[in-house]
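Reading through the structure tokens given below for one structure.
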Protein chains: 2
Amino acid sequence: MKGLGELERSIMDILWAENAPLTAREVGRMIEDRDLAPTTVMTVLDRLSRKGFLNRTRDGRAWRYQPAASRDAYVAELMLEALDLTGDRDAALTRFAQAVSGSEAEILRKALTELEEE
Amino acid sequence: MKGLGELERSIMDILWAENAPLTAREVGRMIEDRDLAPTTVMTVLDRLSRKGFLNRTRDGRAWRYQPAASRDAYVAELMLEALDLTGDRDAALTRFAQAVSGSEAEILRKALTELEEE
DNA sequence: GGGTAGTACTACGTCCCGTAGAGAGGTGAG
DNA sequence: CTCACCTCTCTACGGGACGTAGTACTACCC
């Protein structure tokens, strides 16, 4: 998987937050702060779908874009990818476990426990 | 933290594997497969230390480089960084817990348990 | 004192990404 | 019908990171 640039991530954030597939125009309207040309938004949406982050379907002349995977799945995959960089996965995992804050350790513990019960 | 390129990572791998600080020449000798010019290795080592991944100390005219942090710490930090990308850390953590394979889930569980006991 | 090793500085090509214009083709208003 | 407009696709440019390396200078060994 390739990483995302800053604008790409902003746009993914919008689409992740929305439940319905959006057109380029709709996305553009939601990034007013950056005052981007419409084609800029279109280009980025196109690149994102080319990279597999978005799926798109026709709606008249326009495309509607929606995330191919949930944000959580994306983040989890990034984490697994980071984990793959190490030779010693166990050590890295241990380290990671120590690094997460208390409440998050609790979340992890719970998720792992549920996992065990299945 | 910035990511590492491929050559940069190869070189970090060498230095992480070694316990002693190495000179550019020594590092270069350990990447024979790529047949790099000595200056290439030096440039990359220089960039890595500039980025904070390596510390260097003088040894005669030469520099000796060694990692500023362990590989595990680096990987753990990458994982935490990925985690920061989400709005919903709990969901992402849960997802992550589900994604790690069984034996690794075991490692995580153990690390978390030890954490709890302290 | 000349070869060797090591350094610092500079450079070039490539790829990714932010950004956007040009041109093509449909569409609705008058 | 015609024109303004929307949306698409294609092309492009500038900056930054990275792989790669040359050059020029200095210091040491024999």
Side-chain angles (χ1 to χ4, degrees), chain A residues 1-15 20-68 74 78 81-82 85, chain B residues 1-16 20-68 74 77-78 81-82 85:
Chain A
M1 188 176 38
K2 276 309 308 156
L4 295 177
E6 175 158 356
L7 176 55
E8 289 175 332
R9 192 137 49 218
S10 303
I11 288 184
M12 285 306 294
D13 276 343
I14 288 175
L15 287 163
L22 299 183
T23 65
R25 168 151 298 261
E26 288 163 347
V27 172
R29 219 176 282 127
M30 301 178 88
I31 328 184
E32 285 163 354
D33 45 318
R34 301 187 62 157
D35 191 36
L36 296 171
T39 48
T40 300
V41 178
M42 281 194 260
T43 301
V44 174
L45 285 170
D46 193 53
R47 282 185 190 158
L48 284 171
S49 68
R50 216 178 285 274
K51 289 194 217 174
F53 286 99
L54 295 176
N55 294 322
R56 64 185 196 176
T57 52
R58 278 287 178 193
D59 178 9
R61 270 170 300 151
W63 290 107
R64 289 202 166 271
Y65 295 87
Q66 73 185 323
Y74 168 63
L78 275 186
E81 225 168 86
L85 291 182
Chain B
M1 188 176 39
K2 275 309 309 156
L4 295 176
E6 174 156 357
L7 176 54
E8 290 176 331
R9 192 137 48 219
S10 302
I11 288 183
M12 285 306 293
D13 277 343
I14 289 175
L15 287 163
W16 271 322
L22 299 183
T23 64
R25 167 150 299 260
E26 288 163 345
V27 171
R29 220 177 281 128
M30 301 177 90
I31 328 184
E32 285 164 354
D33 45 319
R34 300 187 62 158
D35 192 34
L36 296 171
T39 48
T40 300
V41 178
M42 280 194 261
T43 301
V44 174
L45 285 169
D46 194 51
R47 283 184 189 158
L48 284 170
S49 67
R50 216 178 286 274
K51 290 194 219 172
F53 286 98
L54 296 177
N55 294 322
R56 65 185 197 176
T57 50
R58 278 285 180 193
D59 178 9
R61 270 170 302 151
W63 291 106
R64 290 201 165 270
Y65 295 86
Q66 73 184 324
Y74 168 63
E77 193 166 339
L78 276 186
E81 228 168 85
L85 291 182

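Below, read A as the first sequence line, B as the second, and so on, with proteins coming before strands; counting in each chain starts at 1. Atom set for the values below is all heavy atoms of this structure, side chains included, hydrogens, waters and symmetry mates excluded. Nothing here was measured: the structure is a model prediction, and the numbers come from that model.
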**Item:** Side-chain N,O (A:Lys51) to OP1/OP2 (C:dC17) below 4.0 Å
**Value:** yes
**Fill in**
Taking for A:Arg50 and for A:Ala62 the nucleotide of DNA chain D with the nearest heavy atom, the one nearer the 5' end belongs to A:Ala62
**Request:** Would you mind reading off the distance between A:Tyr65 atom OH and D:dT9 atom C1', rounded to a whole angstrom?
**Result:** 10 Å
**Asked** Just one of B:Tyr65, B:Tyr74, B:Phe53 clears the ring-ring contact (aromatic ring centres under 6.0 Å, His included) bar with B:Trp16, so which one?
**Response** B:Tyr74
**Polar side-chain atom of B:Arg29 near backbone of B:Glu32 as donor-acceptor pair, under 3.5 Å** = no
**Prompt:** Given atom CE of B:Met42 and atom C1' of D:dT20, what is their separation to the nearest angstrom?
**Reply:** 13 Å
**Prompt:** What closest approach, in Å, do B:Leu78 and A:Ala82 show between heavy atoms, and which atom pair accounts for it?
**Reply:** CB-CB, 3.7 Å
**Request:** Could you work out which one of C:dT7, C:dA8, D:dC8 sits closest to the side chain of B:Arg56?
**Result:** C:dA8
**Prompt:** Once you round it to whole Å, what is the distance between P of C:dT4 and CZ of B:Arg25?
**Reply:** 11 Å
**Request:** Could you walk me through whether B:Asp46 and B:Arg56 pass side chain to side chain contact (heavy atoms under 4.5 Å, CB included), step by step?
**Result:** CA-CA 9 Å; B:Asp46 194 51; B:Arg56 65 185 197 176; 3.0 Å; yes
**Message:** Output the rounded distance in Å from CZ (A:Arg61) to P (D:dT9).
**Reply:** 12 Å
**Message:** Working note: A:Leu22 + A:Met30, criterion side chain to side chain contact (heavy atoms under 4.5 Å, CB included); need CA distance, chi angles, decisive distance, verdict.
**Reply:** CA-CA 11 Å; A:Leu22 299 183; A:Met30 301 178 88; 3.9 Å; yes
**Item:** Given A:Leu54, A:Leu7, A:Asn55, A:Leu15, the one that forms side-chain contact (heavy atoms from CB on, under 4.5 Å) with A:Leu48
**Value:** A:Leu54
**Asked** Between A:Arg29 (CZ) and D:dT7 (C1'), how many Å, whole number?
**Response** 13 Å
**Prompt:** Where along residues 3-11 of chain A does a heavy atom fall under 4.0 Å from DNA chain C?
**Reply:** A:Gly3, A:Gly5, A:Glu6, A:Leu7, A:Glu8
Find every protein N or O atom lying less than 3.5 Å from an N or O atom of nucleotides 20-22 of chain C, and list the pairs.
from, atom 1, to, atom 2, distance (Å)
C:dA20, OP2, A:Ala37, N, 3.0
C:dA20, OP2, A:Thr40, OG1, 3.3
C:dA20, N6, A:Thr43, OG1, 2.7
C:dG21, N7, A:Thr39, OG1, 3.3

**Fill in**
Note: B:Pro21 and B:Glu26 closest approach over all heavy atoms is O-OE1, 4.2 Å
**Nucleotide D:dC28, atom C1' - distance to CZ of B:Arg58 in whole Å** = 14 Å
**Request:** Write down the distance between CG (B:Asp33) and P (D:dT20), rounded to a whole number of angstrom.
**Result:** 11 Å
**Message:** Salt bridge or not between B:Arg9 and B:Asp13? Use side-chain N to carboxylate O under 4.0 Å.
**Reply:** no
**Request:** Rounded to the nearest angstrom, tell me the gap between atom CG in A:Leu48 and atom P in D:dT9.
**Result:** 14 Å
**Asked** Can you name the nearest heavy-atom pair linking B:Gly3 to B:Lys51, along with the distance?
**Response** O-NZ, 4.1 Å
